[in-house]
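Just below is one structure, and these are the notes that go with it.
Heavy-atom basis, side chains included; hydrogens, waters and symmetry copies ignored.
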Amino acid sequence: VTGSGVASPQQYDVEYLTPISVGTPPLVLNLNLDTGSSDLWVFSSELPPSEINGQTVYDPTKSTSAKKLEGATWEIEYGDGSSSEGDVYIDSVAIGDLTVTAQAVQAAKNVSAEFTADTHDDGLLGLAFNTINTVQPTRQKTFYDNAQSILDAPVFTADLKDDAPGHYNFGYIDSSAYTGNISYLPVDSSQGFWMFTSPGYAISKGGYKITEMKGIADTGTTLLLLPTSVVLAYYKQVDGARYEGTQGGYIFACSATLPDFVFAVGNNARITVPGKYINYAPTDSSGTTCFGGIQKDIGIGFSIFGDVALKAAFVVFDGPNQQLGWAAK
Ligand SMILES: COc1ccc(CN)cc1O
C-alpha cells in the first residue's frame with residue numbers, strides 16, 4: 001500500500017497543511033504533518049467554543065468507528081511555547097489511499113492561543129518516533145509507525161516547496177521528484193527525533209567550512225536554526241544585517257541580496273538553500289525590514305533543519321533503517 005498527500009504552504013511558508021481523513025464517515029481535516037513531534041491531535045467538539053476560530057472539529061460521537069481509549073490523556077508543549085491537551089479515541093485515519101484503521105486520534109480539550117489563531121490548521125500529525133508521544137498512561141504509535149507493516153516500502157518522503165504545493169508520500173520513493181542521487185545519513189533517534197549530523201557548510205561561493213552541525217529534520221518548524229558561529233558567519237555576508245532583540249532575531253533590508261547557504265550531507269553531497277528562501281518575510285506591513293530564515297539555535301541543544309532548509313530538498317525518512325536520505329531537486 002502507498003499513500004500521498006498534498007502539502008500546501010500557508011502564508012510565507014510558515015507551515016504546510018495536508019488533508020487527512022478521520023473517522024466514519026470520513027471527515028477531512030487539514031493537518032500539519034510534523035516530523036518534529038509524535039502526537040496526532042485534532043481540534044475537537046470537546047473544546048470550549050472560545051478556543052475554536054474557523055477550524056474543522058472532529059466529533060467522535062459522530063464517527064461510527066471511534067472508540068474511546070478509556071483513561072488516556074495527553075498534553076504537549078512545543079518549542080515555540082504553544083500547547084494543547086485532551087483525551088484519546090481510536091479511529092480510522094487515511095492519507096490518500098493509505099488507511100490506518102486503528103490510529104490513536106488525540107482529541108483536543110484545550111489549545112493555546114497560537115493554535116486558536118491559526119485558523120486553517122485543524123491539528124498536527126506527528127511523524128517523529130513513538131518514544132516522545134505524550135499519551136498517558138500508555139503512549140501511542142504514530143501514523144507512520146502503524147502504517148509501516150502495510151506500506152510497500154517502510155519509508156515516507158517530504159517534498160516541500162517554496163510558495164507552491166508539494167507532497168508527503170508514504171511507502172514509495174518518487175524518482176521523478178528529485179535530481180541526482182539520494183545521499184543517506186544515519187539517524188540518532190535517542191531523543192525521539194530524526195537527528196543527523198552535517199559535517200560542514202559553505203556560504204554562497206565562499207569556502208567550505210568543516211564544522212559539525214547536529215540537528216533534526218523538522219517539518220513542523222518554519223526556519224533553519226543553526227549554531228551561533230554559523231549564523232554569525234552567514235549574516236556577515238549580508239550588508240546591514242543585525243540582531244534585533246525586540247524581533248528576536250537577525251533582520252536586514254528587504255532589498256538585501258542574501259547568499260545561498262550550502263550544508264553538507266555526508267562527505268560529498270551538498271544541499272543548497274537559495275538565498276531567496278533566507279529572505280523569510282517582512283517584519284511589518286511597510287515591507288522595508290525583513291526577518292532572516294536562518295536564526296540561532298541557542299537554548300535548544302541541537303540545530304533544527306526546518307522548512308526553510310527542507311523545501312530545498314527531497315527528504316526520505318526511513319525508520320526501520322534509522323536513516324535520512326537527502327537529494328537536490
Ligand atoms: C502554533 O502552531 C504550531 C506550533 C508548534 C508546531 C510544531 N513545531 C506546529 C504548529 O503549527
Taking the six-membered ring for Trp, are Phe156 and Tyr144 parallel (under 30°), tilted (30 to 60°) or perpendicular (over 60°)?
-> perpendicular
Mind checking whether Phe263 and Tyr201 have ring centres under 6.0 Å apart?
-> no
Yes or no on side chain to side chain contact (heavy atoms under 4.5 Å, CB included) for Phe317 and Val187, after CA distance, side-chain angles and deciding distance?
-> CA-CA 9 Å; Phe317 294 76; Val187 162; over 6 Å; no
Does a sphere of radius 6.0 Å around CG in Asp97 hold more than 12 heavy atoms from other residues, nucleotides or ligands, not counting ones at 6.0 Å or beyond?
-> no
Partners of Thr246 by side-chain hydrogen bond (donor to acceptor under 3.5 Å, both in side chains), sequence neighbours excluded?
-> Glu244
Heavy-atom closest contact (Ala241 atom, Phe252 atom, distance) = CA-CB, 4.0 Å
Does some side-chain heavy atom of Thr99 sit less than 4.5 Å from a side-chain heavy atom of Val1?
-> no
With distance as the sole test, does Asp260 use its side chain to make a donor-acceptor pair with the main-chain N or O of Gly275 at under 3.5 Å?
-> yes
Are the side chain of Lys68 and the backbone of Tyr89 linked by a donor-acceptor contact shorter than 3.5 Å?
-> no
Under the 6.0 Å and 45° cation-pi test, does Lys311 pair with Tyr16?
-> no
Tell me, with the steps shown, if Tyr78 and Phe115 meet ring-ring contact (aromatic ring centres under 6.0 Å, His included).
-> CA-CA 11 Å; Tyr78 296 101; Phe115 286 113; 5.8 Å; yes
Any chance CG of Asp284 has more than 12 other-residue heavy atoms, nucleotides or ligands included, within less than 6.0 Å?
-> yes
Write down the atom of Gly325, the atom of Tyr184, and the distance for their closest heavy-atom approach.
-> CA-CD2, 3.5 Å
Go through the side-chain N and O atoms of Asp307 and Thr222 and say whether any donor and acceptor fall under 3.5 Å apart.
-> no
Side chain Asp218, main chain Ile304, donor-acceptor under 3.5 Å = no
Ser45 and Pro60: which non-hydrogen atoms are nearest, and at how many Å?
-> OG-CD, 3.7 Å
Could you tell me whether Asn181 atom CG has more than 12 heavy atoms of other residues or ligands within 6.0 Å of it?
-> no
CD (Gln148) with more than 12 external heavy atoms under 6.0 Å | yes
Which heavy atom of Ala104 sits nearest a heavy atom of Leu40, and at what distance?
-> O-CB, 3.9 Å
Is there side-chain contact between Leu29 and Phe43, with heavy atoms separated by less than 4.5 Å?
-> no
Less than 4.5 Å apart, any side-chain heavy atom of Phe196 and any of Val265?
-> no
